[in-house]
Amino acid sequence: MTLVVAIDGPAASGKGTLARRIARHFGLPYLDTGKLYRAVGRKVLDAGDAPADEAAALAAARALRPSDLDRADLRAPDADKAASEVAAIASVRAALIDFQRNFAAQGGVLDGRDIGTVIFPSAPVKLFITASLEARAARRYHERQARHETVTLAEVEADMRRRDALDATRAAAPLRPAPDAVIIDTTSLDPDAVFARAASLIEAAF
Ligand code: DC
């Protein structure tokens, strides 16, 4: 059995923190698949095109190289917005499937929105990490403050609400838990408690 751990959930749910820790603990490679969409969005912006332009976004997805994922500007607000636009295009998503499957062909931890539903529907462990909008917005707000960005909590929350809606209602691979995913709500759980819960599920499965 290939050791694939599929972790999905909305922005700032704590899935990235959890995925990195699981990967370290179990000695598995880790892929933050949001970076794929961010890097595609970034390439489209660099080329002076609109992220919603399917031909431009598809060309950027096909030209994606692993080194594009190491760019320092993938978390900037314009990349956030561009990522959610390119992620809504079905052909762009299809062009990124092989990269993700090849990455974890020998096992791995992937986090995203459709890992358990589309990329690895037969993953032996599927986790869906979620938290209230208020809790997630507060986490993202504190991250932005730490980066000295001038933004209000209300703006972060409104932005997150919009992106959640776009991710959950798009026709192509909308954000939703796989039927066999274990749902973990992190609103009032600390990262250690979330990790303990996930680690025991993984140990039981493998
Ligand atoms: O997780 P993130 O915030 O870095 O994701 C950036 C965008 O990409 C977000 O709008 C959701 C989208 N995404 C996706 O559609 N599918 C994935 N597997 C990962 C991210």
Side-chain angles (χ1 to χ4, degrees), residues 4-20 23 30-45 50-52 54 57-58 60-61 64 68-104 108-121 123 126-131 133 135-144 147 149 151 156-178 181 186:
V4 172
V5 180
I7 305 184
D8 292 302
S13 56
K15 65 184 187 306
T17 304
L18 174 66
R20 270 188 298 277
Y30 165 54
L31 181 64
D32 167 1
T33 65
K35 278 188 173 179
L36 300 176
Y37 298 93
R38 290 172 180 274
V40 170
R42 197 78 266 172
K43 270 182 180 294
V44 175
L45 294 176
E54 177 168 2
L58 184 57
L64 197 72
D68 294 325
L69 307 183
D70 299 330
R71 289 179 61 155
D73 52 2
L74 297 182
R75 294 236 147 244
D78 58 342
D80 261 17
K81 186 161 182 292
S84 63
E85 289 176 7
V86 300
I89 304 173
S91 61
V92 169
R93 304 194 69 86
L96 298 174
I97 289 178
D98 285 351
F99 185 103
Q100 297 172 79
R101 292 193 178 148
N102 291 339
F103 180 88
V109 181
L110 293 88
D111 76 38
R113 302 294 189 285
D114 63 341
I115 309 305
T117 50
V118 175
I119 307 299
F120 284 104
K126 297 181 187 178
L127 305 174
F128 191 87
I129 311 299
T130 189
L133 175 68
R136 294 185 293 109
R139 291 173 192 165
R140 195 43 63 81
Y141 172 64
H142 292 306
E143 282 169 23
R144 295 225 157 134
R147 289 201 299 262
E149 290 178 26
V151 69
V156 173
E157 191 170 314
D159 219 50
M160 198 168 257
R161 191 189 300 277
R162 251 194 317 273
R163 282 216 306 148
D164 278 0
L166 193 59
D167 289 345
T169 59
R170 68 183 176 213
L175 172 67
R176 60 179 174 77
T186 69

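Excluded from the calculations below are hydrogen atoms, water molecules and symmetry mates; all remaining heavy atoms, backbone and side chain alike, are included. Order of appearance sets the numbers: ligands from 1, and atoms from 1 within every ligand.
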Going by heavy atoms in the side chains, are Leu110 and Tyr30 under 4.5 Å from each other?
-> no

Indicate whether the side chain of Thr186 and that of Arg139 have a donor and an acceptor atom separated by less than 3.5 Å.
-> yes

Heavy atoms under 4.0 Å from ligand 1: which residues qualify?
-> Lys15, Thr33, Gly34, Tyr37, Arg38, Arg75, Ala83, Ser84, Ala87, Arg93, Gly112, Arg113, Asp114, Arg163, Asp167, Arg170

For Glu85, side chain to side chain contact (heavy atoms under 4.5 Å, CB included) partners two or more places apart = Pro51, Ala52, Lys81

Kindly write out the residues that satisfy salt bridge (charged side-chain N to carboxylate O under 4.0 Å, His left out) with Asp73, not counting sequence neighbours, or none if the list is empty.
-> Arg42, Arg71

With sequence neighbours excluded, residues passing side chain to side chain contact (heavy atoms under 4.5 Å, CB included) with Ala123 | Val4, Ala6, Phe120, Lys126

Heavy atoms only: give me the nearest Ser84-Leu166 pair and the separation to one decimal.
-> OG-CD2, 3.7 Å

